Amino acid sequence: MESSAGQAGTVRADDVRTRDRVTALLLEHGPQTASELAGRLGVSPAAVRRHLDALEAQGRVEERTTAGAQRGRGRPARHFHLTDAGRSGFAHAYDDLALTALRYVAASGGPDAVRAVARAQLAGLERRASDAVARTSGAPVERARALAEALTAEGYAASASAIASGGQLCQHHCPVAHVAAEFPQLCEAETAVIGRLVGTHVQRLATIAHGDGVCTTHIPGPAQAADRVRDHMRAGNRTPSAGPVPGERAARVPRTAPSTSTTPTNDRERTPA
C-alpha cells in the first residue's frame, strides 16, 4: 500500500514537471502542435496529448486552428497556445515597471501627479463596481456587500460584514501591494473610491501594503453617526449649567465661602449705628 501510494505520488510529481516543461516550450517557441512538442520532449504524441488535455482543463493552454498551416491531406494544423492564465504562471516584472514609472512621475510632477495617476488607474474599477452597487438598497453596509462581490471579481478577494459600529469591508488580496508600499497615494485613492461607492465617509484601519494581513475599511452606520451628533449637542447644552468636577469644586469653596458669609454680617453690625 505504501509503495503504491509512493509510486502514485511520483507519477503526479512527474506529470507536474512535464506539464511545466510543455508550457515553457510554448512560451519559448510559440504555438506548436502535439507532434512538435513530443519531438522536443522526447516522448510520444499520445503522452503529450494527455498532458495537453490536462492543461486545457486547467485553462493554461488552448487549441486553435492555425490559418495557412496544413497537415496531412490539406487538413488544417491544430496548434496549442498559452492562455493568459498559462502566462501568469511565469515571472513578471510588472511591479518593477510600475515602480519605475511612478518614480519618474513623482520626480517630474510631485505627489499630486502620483495621485492623478492613482485616480486614473482606479476610474475603471469604480465604473465597473458602481453598476453592482447601484442595484442594492441605500444602506452603506448593503452597498459594501455588493462592492465586496465586485472587488472579488477584480481579484481583491473581498468580504463585507455588519458590526456594532456599522460595517467593515475586508480585502484579503491587493494586486498592487508592492507598489502601494512605496506610493500610499494608491491606497488613498482606493479609499476615496470605496467611500463614494458605499455613499458615506469611510476610514482605512489597515492595509496589506503597510504590512497588515488584510486591508480593512470601517464603514460607520448612519445611526452611529447620528448618535455622535446628538451626544455632542447634548454635551454642549449642558456645559453652562454643569457643575465642576470634584477637584474644581474643592478648589472653589475656600475662595467663595468668605465673601458670602462675612459681608452680610458686617452690614448688619453697622446698621444700628
Side-chain angles (χ1 to χ4, degrees), residues 1-105 117 120-122 124-125 128 149-158 171-183 186 208-209 213 215:
M1 293 293 291
E2 292 180 0
S3 177
S4 299
Q7 291 176 356
T10 302
V11 170
R12 285 195 294 271
D14 289 342
D15 286 346
V16 170
R17 284 192 291 269
T18 301
R19 289 163 194 170
D20 287 343
R21 291 175 63 195
V22 169
T23 56
L25 286 171
L26 292 175
L27 181 71
E28 181 179 357
H29 299 284
Q32 299 165 70
T33 65
S35 296
E36 291 171 336
L37 288 167
R40 287 192 166 100
L41 290 171
V43 298
S44 68
V48 169
R49 187 65 200 225
R50 180 173 64 86
H51 293 300
L52 288 169
D53 288 343
L55 290 169
E56 278 191 291
Q58 296 170 2
R60 296 169 63 186
V61 303
E62 60 183 1
E63 188 178 4
R64 302 178 193 167
T65 300
T66 304
Q70 303 291 327
R71 74 178 176 187
R73 298 179 179 177
R75 293 177 298 170
R78 303 287 293 180
H79 284 74
F80 291 87
H81 297 243
L82 271 182
T83 63
D84 289 340
R87 290 181 181 277
S88 67
F90 295 93
H92 294 288
Y94 296 150
D95 284 354
D96 291 341
L97 176 62
L99 283 170
T100 300
L102 284 179
R103 285 167 184 162
Y104 178 82
V105 169
V117 172
Q121 191 269 334
L122 289 167
L125 171 65
R128 292 188 296 273
E149 294 182 5
L151 289 174
T152 296
E154 298 280 344
Y156 286 82
Q171 296 158 249
H172 301 274
H173 176 65
C174 177
V176 295
H178 292 94
V179 181
E182 182 171 338
F183 294 98
L186 293 174
I208 295 173
C215 295

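Keep in mind the model is a prediction, meaning the values are calculated, not measured.
- Side-chain atoms of Arg64 and His79 include no donor-acceptor pair closer than 3.5 Å.
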Before giving the answer on side chain to side chain contact (heavy atoms under 4.5 Å, CB included), spell out for Leu52 and Leu37 the whole-Å C-alpha distance, their side-chain angles and the decisive distance to 0.1 Å.
-> CA-CA 10 Å; Leu52 288 169; Leu37 288 167; 3.9 Å; yes
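- Judged purely by atom type and a 3.5 angstrom limit, Glu182 has no side-chain atom pairing as donor or acceptor with the backbone of Val179.
- The closest donor-acceptor contact from the side chain of Gln32 to the backbone of Leu25 lies under 3.5 Å.
- In terms of modelled atom types and a separation under 3.5 Å, the side chain of Thr33 and the main chain of Arg78 share no donor-acceptor contact.
- Separation of atoms CD (Gln171) and OG1 (Thr152) is listed at 9.0 Å; rounding is to 0.5 Å.
- Counted within 6.0 Å of OH on Tyr104, heavy atoms from surrounding residues, nucleotides or ligands total 12 or fewer; the atom is thus considered open.
- Using a 4.0 Å cut-off between a side-chain N of Lys or Arg and a carboxylate O of Asp or Glu, Arg40 and Glu28 do not qualify as a salt bridge.
- Using a 4.5 Å cut-off on side-chain heavy atoms (C-beta onward), Thr18 and Val43 make no contact.
- Put simply, CD1 on Ile208 and NE2 on His173 are 7.5 Å apart, with the number rounded to the nearest 0.5 Å.
- Between Asp20 and Arg60, at least one side-chain N (NZ, or NE/NH1/NH2) sits under 4.0 Å from a carboxylate O, which counts as a salt bridge.
- The structure places CG of Leu82 at 5.0 Å from CG of Leu26, a figure rounded to the nearest 0.5 Å.
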Verify side chain to side chain contact (heavy atoms under 4.5 Å, CB included) between Phe80 and Glu63, making sure each step is shown before the conclusion.
-> CA-CA 4 Å; Phe80 291 87; Glu63 188 178 4; 3.6 Å; yes
Dump the intermediate steps for side chain to side chain contact (heavy atoms under 4.5 Å, CB included) on Leu99 and Phe183, then the final yes or no.
-> CA-CA 9 Å; Leu99 283 170; Phe183 294 98; 4.0 Å; yes
